[in-house]
Structure formats: structure tokens, C-alpha cells
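Okay, so here's the structure we're looking at.
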Amino acid sequence: KAGVTQTPRYLIKTRGQQVTLSCSPISGHRSVSWYQQTPGQGLQFLFEYFSETQRNKGNFPGRFSGRQFSNSRSEMNVSTLELGDSALYLCASSLVPGNYGYTFGSGTRLTVV
Amino acid sequence: GNSVTQMEGPVTLSEEAFLTINCTYTATGYPSLFWYVQYPGEGLQLLLKATKADDKGSNKGFEATYRKETTSFHLEKGSVQVSDSAVYFCALILSNTGNQFYFGTGTSLTVIP
């Protein structure tokens, strides 16, 4: 079966712009989580969605937002981009929250210039 | 709070050498513990996991035992191969924190022929 698909794989944006990243979970998985990976801060939790509802949110500013659609696909949006938002953004899906069979996607590499 | 402390890298080993990567954790409850591996340009792949004390996770020759008394989950492999070169992340997850992963900083392993 297909894995977790994240699009696009690479993205270059300018400071002040906004960006939308997409994550398609494994078929049947209804929980989607997002993580930011940077050399300085490592892997940090952004948010988790289940049944189109945000269930948990990490310690990120309001510029970071997300949503989940009825088909479980999820998007995250970052507005007013800053240089420090340059990172690998990883999405993980699982059947339901609390089921620890998480599968990660290959990520979207965002570069802000 | 919840956190994971991993052995600093990078680690360089000769092929067939014994590998240990230390991982200790702090958790406000009873976590499940994981080792993930990341190859260059890729997302995270689950290597092994353990969900309760004294459980041993194992996969592809790697193993780790959940030690509650020492709050540790050290990764070991008896004979490493060049193909094991990657970054290894120790992580915990707690259901009472909304199912978010807490990751260590990662340990880079390079195996030379």
C-alpha cells in the first residue's frame, strides 16, 4: 500500500510570503501529525489532527496552522515566513490517535530566503 | 516534563563492530519508547519499539530493552554494516500528552568498510 505522501518535496519561498504543505496519509489512517525538523532545535511537534479536529498543538506561534479534510488529508500553512522557518516538515499518520503505528512521510524541505 | 537525552555523535565505526547508542528519558507517566532511523534526504523510519517496562524491541539485528529502573532504552547491534550509516533518533510518546512524540537530538552513525 502507498505510504505517507508529502507534497511538494522541496520549496523555496521569500520572507513574508506564506506557504501551504500537503500530507496524504496511508489509506485508512485517520490521524495526522506534523513535525518540524531543524539542525538547531531537532524534531518538534507542531500539531495533530483526527476527524478534521485539531487534538493537540505544540509550542509554535499562530503563524503555523493546519487543517484536516474529510478524506483525512491534511495541510499545514505558515504565514509571514521568517528565515528561521527553513526546515524539513514531516508528517506522520496512524490509524487513530493512541495507536502507535505511526508512519512518517519523506518530508517537505522548505527554504526561506 | 517529558524529554529524551541521546548520546552525542557523530559515531564512526568499522564494519562488523559492536554498536551502542545510549538513550535515557524523563517522562510524567509510562511512555512507549521508540528508535527511528533517518537516511539522507528521507523521513523517519521506525526501527523498533517497546511499550512497557522490560519489553525488548528488535528489528534487522538492532535491539533495545525498556529499562524503567534506569529510565533507559539503549540501542545495540552486534555487527554493523555500511548500510547502517544513518541518523538514529530515540523517542517517547505518552498518551496523556496527546500522543505527541518527544525526540532526542539524533546520533549520526557512519560505518566504514
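Lettering of chains follows the sequences in order, A, B, ..., and the numbering in each one begins at 1. All values below come from the heavy atoms of this structure, side chains included, with hydrogens, waters and symmetry mates left out.
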Toward chain A: residues of residues 36-55 of chain B with heavy atoms under 4.5 Å |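 Result: B/Tyr36, B/Gln38, B/Gly41, B/Glu42, B/Gly43, B/Leu44, B/Lys49.
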Of all the residues in residues 6-27 of chain B, which have a heavy atom that comes within less than 4.5 Å of a heavy atom in chain A?
->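 Residues qualifying by a heavy atom under 4.5 Å from chain A are absent, so none.
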Please say yes or no: joined through hydrophobic side-chain contacts below 4.5 Å, possibly via intermediate residues, are [X] and [Y] part of one cluster?
X        : Y        : result
B/Phe89  : B/Ile93  : yes
A/Leu21  : A/Leu88  : no
A/Val32  : A/Phe60  : yes
B/Val87  : B/Phe103 : yes
A/Val112 : A/Leu11  : yes

What do the steps show when you test B/Phe101 against A/Tyr102 for ring-ring contact (aromatic ring centres under 6.0 Å, His included), and what is the final call?
-> CA-CA 10 Å; B/Phe101 279 103; A/Tyr102 287 91; 5.1 Å; yes
Tell me, out of A/Gln44, A/Gln37, A/Arg109, who's got the most heavy-atom pairs with chain B below 4.5 Å.
->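 Heavy-atom pair counts peak at A/Gln37.
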Determine whether the aromatic ring centres of B/Tyr102 and A/Phe45 lie less than 6.0 Å apart.
->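 They do not qualify: ring centres at least 6.0 Å apart.
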Structural part of B/Thr105 lying under 4.5 Å from a heavy atom of chain A |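 It is neither, since no heavy atom gets under 4.5 Å.
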Which bit of A/Phe47 is near chain B, if near means a heavy-atom gap under 4.5 Å: side chain, backbone, both or neither?
->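 Neither part; nothing is under 4.5 Å.
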Just wondering, more than 12 heavy atoms not from A/Ile12 lying within 6.0 Å of its CD1?
->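 Atom CD1 in A/Ile12 is not packed in, count stays at 12 or less.
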Counting only heavy atoms not in A/Arg15, do more than 12 fall under 6.0 Å of its CZ?
->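 No, not enclosed.
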